[in-house]
Amino acid sequence: MHHSVHAEQFLMANANAHGEPGIRCVAVSSVPCGHCRQFLQEIRGAAEIQILVTSDEDPAFRPLASLLPNPFGPPDLLHKDAPLLLEPHDNELGALEATGVAVGGGGSCNGIRGGGLERRLREAAEGAARSSHAPYSGCAAGFAVADGGGRVYPGSYVESAAYNPSLGPAQAAMVACLAAGGGREGGGWGIVAAALVEKETAAVSHEGTARIFLEAVAPGAHLKVYRFRPSAAV
Ligand SMILES: [Zn+2]
């Protein structure tokens, strides 16, 4: 259950991955759960996002504020000018200190060396970490998965001011894979390799949960973890 991705989170992660600058309206088949009402607070102007619940007897747009009065969100914890979800982020990662640990993989290790896939996975995960929304912990993180066709799908960590609704980078990468129609070749969702980029000293590390997640959806996949050491200037 910890690894669940709610429909509204899938939508936000997909919009984020495609550089959408904002969300004005959301249509959803059932009324958003409390988790999602909270997650949506990470978007600037969340109170005015118009929600259409298609299963309602008489569907009509209504502002998110009517579903979540007196919200707790980014304004309670962040400076008003801090970038929110869907706004540009350029997180400082520091220098790559250690090329991390390879986990699992077996025979698929050999397969990922061709075509520079290992390098492309690392670069995709690094880019996702730089653009991740992690203002509360400061622990930027990114993940990337590759399918059997050599296509690479990056995912950025997205934090919630309420912490628990946060969307992990591995989940965000799977959102990107599924939204692009990937993961249909081979077994285990077709994922053959993955990379995680995070800070070496991160208080919030995704390695453990990402490994559990990957072992469940793609047990043969090869995972490589890259840790960045914050530079002295940061
Ligand atoms: Zn939900």
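Hydrogens, waters and symmetry mates are skipped; everything else that's a heavy atom, side chains included, is used. For ligands, and for the atoms within them, numbers begin at 1 and follow the listed sequence. Just so you know, residue 1 is the first one in the sequence shown, and it goes up from there. These numbers come from a predicted model, not from an experiment.
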**OP:** Quick one: sort the Tyr163 and Tyr136 rings into parallel, tilted or perpendicular, breaks at 30° and 60°.
**Re:** tilted
Original post:
Is the shortest side-chain N to carboxylate O distance from Glu126 to Arg130 below 4.0 Å?
Top reply: yes
**OP:** Assess His35: does it contribute an N, O or S atom lying under 2.8 Å from the Zn ion (ligand 1)?
**Re:** no
Original post:
Between SG of Cys33 and SG of Cys36, what angle is found at the Zn ion (ligand 1), rounded to 10 degrees?
Top reply: 120°
Original post:
Would one find more than 12 heavy atoms of other residues, nucleotides or ligands at under 6.0 Å from atom CG of Asp81?
Top reply: yes
Original post:
Ion pair present between Arg227 and Glu207, side-chain N to carboxylate O less than 4.0 angstrom?
Top reply: yes
Original post:
Which N, O or S atom name in His6 marks its closest approach to the Zn ion (ligand 1)?
Top reply: ND1
